[in-house]
Amino acid sequence: MLTTRPRGTADILPGQVEKWQYVESVAARVFRDYGYREIRLPIFEHTELFIRGVGEDTDIVEKEMYTFKDRGGRSITLRPEGTAAAARAYLENKLYAGPQPVKLYYSGPMFRYDRPQAGRYRQFHQFGVEVFGSHHPAVDAEVMALVMDFYGRLGLNDLELHVNSVGCPNCRPGVRRALQEYFRPSLEELCPNCKNRYERNPLRILDCKSERCAELAKTAPTTVDCLCPDCEQHFLQVQQYLRDLGVPFVLNKSLVRGLDYYTHTAFEIMAPDIGAQSSVGGGGRYNGLVEACGGPSIPGIGAALGIERIILAMENRGLIPAIKAGPDVFLATAGDEPAREGFKLLAELRAAGVASDMDYQGRSLKAQMKYAAKVEALYTIILGEEEMGRGCVSLRDMAAGSQREVARQDVIKVLKELLNGCCD
RNA sequence: GUGGGUGUAGCUCAGCUGGUUAGAGUACCAGAUUGUGGCUCUGGGGGUCGUGGGUUCAAAUCCCAUCACCCACCCCA
């Protein structure tokens, strides 16, 4: 073999791809039901967009971007996430000049140079939704409700929605001060990582999984304790709207999102059984993002859902529906003359919307039957010298194992009746 | 970037105290059944034993390096 696929990428083969199509069709339906319209964005953007939009101090920008120079010397980056690009498109196309809010969804590949593991890939796929132009707390609740509704429609009813508020630029300094004061006496007990975080981003200590840090973090002040009156009010309203909608959630004061642009609401949906990477989706409000991209001060909120992880969770719970992948009809022939006639009949079947196939390998009738069973054809048409002589074909129901003769000119009509009766 | 595990047939794996021609199951192809799938039986094709180097009379087996995959840390979808 000349080469293999790059690390952290996957070939989604027939048999697997049907699962994706199923999840995608449910997603499109949910988004439509909630009034979101699709937007298709570039797979790569100017590097600058992510540095400004995602934040210089994030892991994504510091070490995970696929960045290269194109032939014109521009620095280009394969998108590591979708929100920054959506904000760019909103701005660039002046969507703020139309009716607000603007509700968008997209899906597609994202790229992060991470070490792959269960549920984590270098090219992975997300659904994303973004709402620009509203700071109403009901919109926060709507986005979370949409996400949970989507999981529910897939049968994922046991996922936990964790919600928190990370405050706004007004309350952030207070949080930082409170945390540093709290951790100062026990600074030496923190893990090396958190000692670093103490100065750079003390919020992250709350999220640490190392035992001692987690123990200390339990009684630490949180963002919620330090919210300014506006933020507190917003957060209380978001929770009330969630209760009004009957969306269960857990208040998780240690939930911290890594991307710089988040303000106010932050949330994450967990599936504890799909490996260490248990987040199947997450999002939050980003009221500073559009402005950070050089536009007017326009609020926004969004969510990103990991398709691979959703499928993992569904597989673990046996939620993938059986999807018929075989043809409606396999046309088996015996003899040269019937093979030529069959080739014409095949074209007629297809033109009539009957998914059908025949053998081109010159196999024996027996082998053709075996193949038809293997590819799970619903029916097999057998066309040999005998049938040719009588102007008919033999029609075999593969599941039942029963067989009858049908006049050649009636085959399509009979098949369409049979297929409509059982499938549609 | 760090740590652990695993690399032998398309797939799942055995063989690994070094020793004839590297095996099984399954899948694939064919035959038993000269026009009929699922069951059974028989046969066949298919392997640079991840790659490179070393030790040895002899390496799938021992040593080193390297690559890939898996899992975990970090972080996140």
Side-chain angles (χ1 to χ4, degrees), chain A residues 1 3-10 13 54 57-64 79-83 107-128 147 191-194 196-197 201 204 207-210 255-259 262 266 268-271 274-283 302-313 326 330 332-335 338 359 361-389 393-403:
Chain A
M1 192 168 23
T3 186
T4 57
R5 62 178 198 272
R7 181 167 217 191
T9 63
L13 301 172
V54 176
D57 290 335
T58 59
D59 277 14
I60 289 180
V61 171
E62 277 180 359
K63 49 189 193 192
E64 294 175 2
R79 62 181 188 190
E81 56 98 57
T83 301
S107 81
M110 306 292 166
F111 306 84
R112 290 183 202 172
Y113 191 86
D114 251 347
R115 190 96 175 244
Q117 69 187 76
R120 195 172 71 189
Y121 314 93
R122 289 184 172 179
Q123 175 177 338
F124 60 101
H125 300 77
Q126 290 184 335
F127 297 117
V147 168
C191 71
N193 229 318
C194 284
N196 253 319
R197 290 167 169 157
N201 191 353
R204 290 221 151 263
D207 210 19
C208 185
K209 282 159 198 148
S210 99
L255 175 62
V256 180
R257 311 237 78 220
L259 282 46
Y262 285 110
E268 192 158 341
I269 301 89
M270 317 290 277
I274 59 168
Q277 309 304 317
S278 57
S279 167
V280 294
L305 317 178
I307 302 183
E308 286 86 353
R309 292 182 187 176
I310 289 170
I311 291 175
L312 267 178
F330 186 82
T333 62
D359 173 70
Q361 312 294 318
R363 277 188 280 227
S364 67
L365 182 63
K366 180 188 173 71
Q368 292 180 58
M369 294 301 292
K370 199 171 173 179
Y371 178 82
K374 185 77 49 177
V375 299
E376 297 180 315
L378 296 176
Y379 295 93
T380 300
I381 289 175
I382 297 154
L383 182 59
E385 308 287 356
E386 291 173 27
E387 285 86 355
M388 292 281 283
V393 302
S394 294
L395 181 61
R396 186 175 181 82
D397 180 328
M398 295 301 277
S402 59
Q403 191 171 320

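Letters A, B, ... mirror the listed sequences (proteins, then strands); counts begin at 1.
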Q: Report the base-pairing partner of B:rG47 (Watson-Crick or G-U wobble, both distances below 3.5 angstrom), or none.
A: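 With both distances under 3.5 Å required, B:rG47 matches none.
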
Q: If pairing requires Watson-Crick or G-U wobble contacts with both distances under 3.5 Å, which nucleotide is the partner of B:rC62?
A: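 Its partner is B:rG54.
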
Q: With both distances under 3.5 angstrom, what nucleotide forms a Watson-Crick or G-U wobble pair with B:rC76?
A: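 Per the H-bond distance test, none.
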
Q: Which comes earlier along RNA chain B counting from the 5' end, the contact point of A:G275 or that of A:Q126, where each point is its nearest nucleotide?
A: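 The answer here is A:G275.
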
Q: Please determine, for the side chain of A:P116, which listed nucleotide (B:rC76, B:rC70, B:rG35) has the closest atom?
A: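 That would be B:rC70.
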
Q: Between B:rC69 and A:R7, is there an OP1 or OP2 to side-chain N/O distance shorter than 4.0 Å?
A: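 Looking at the OP1 and OP2 atoms of B:rC69, one of them is under 4.0 Å from a side-chain N or O of A:R7.
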
Q: Does A:R396 contact B:rG37 through a side-chain donor or acceptor facing the base, at a distance under 3.5 Å?
A: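 A donor-acceptor contact between them is present.
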
Q: Does any N or O donor sit under 3.5 Å from an N or O acceptor when you compare the side chain of A:R120 with the base of B:rC74?
A: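 Result: at least one qualifying N/O pair found.
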
Q: With both distances under 3.5 angstrom, what nucleotide forms a Watson-Crick or G-U wobble pair with B:rU6?
A: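 Base-paired to B:rA68.
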
Q: To the side chain of A:M398, which of B:rG35, B:rU2, B:rG37 is closest?
A: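 Between B:rG35, B:rU2, B:rG37, the one nearest the side chain of A:M398 would be B:rG37.
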
Q: Determine the contact category for A:Q403: base if any of its heavy atoms lies under 4.0 Å from a base atom, sugar-phosphate if only primed atoms, P, OP1 or OP2 are that close, otherwise nothing.
A: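 Counting heavy atoms under 4.0 Å across all strands, the contact made by A:Q403 includes a base.
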
Q: Suppose we define a pair by two distances each less than 3.5 Å, Watson-Crick or G-U wobble; what does B:rG23 pair with here?
A: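 Checking every strand shown, B:rG23 finds its partner in B:rC13, with both distances under 3.5 Å.
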
Q: Closer to the 5' end of RNA chain B via nearest nucleotide, is it A:Y371 or A:I382?
A: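 With A:Y371 and A:I382 compared, the 5'-side residue is A:Y371.
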
Q: Is A:E387 side chain donor-acceptor paired with the B:rG35 base, going by distance under 3.5 Å alone?
A: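 Looking at the base of B:rG35, it does pair with a donor or acceptor on the side chain of A:E387 (distance under 3.5 Å).
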
Q: Applying a 3.5 Å limit to both distances, which nucleotide forms a Watson-Crick or G-U wobble pair with B:rG38?
A: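 No nucleotide pairs with B:rG38.
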
Q: In whole angstrom, give me the gap between the P atoms of B:rA58 and B:rG43.
A: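 Looking at atom P only, B:rA58 and B:rG43 are 38 Å apart.
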
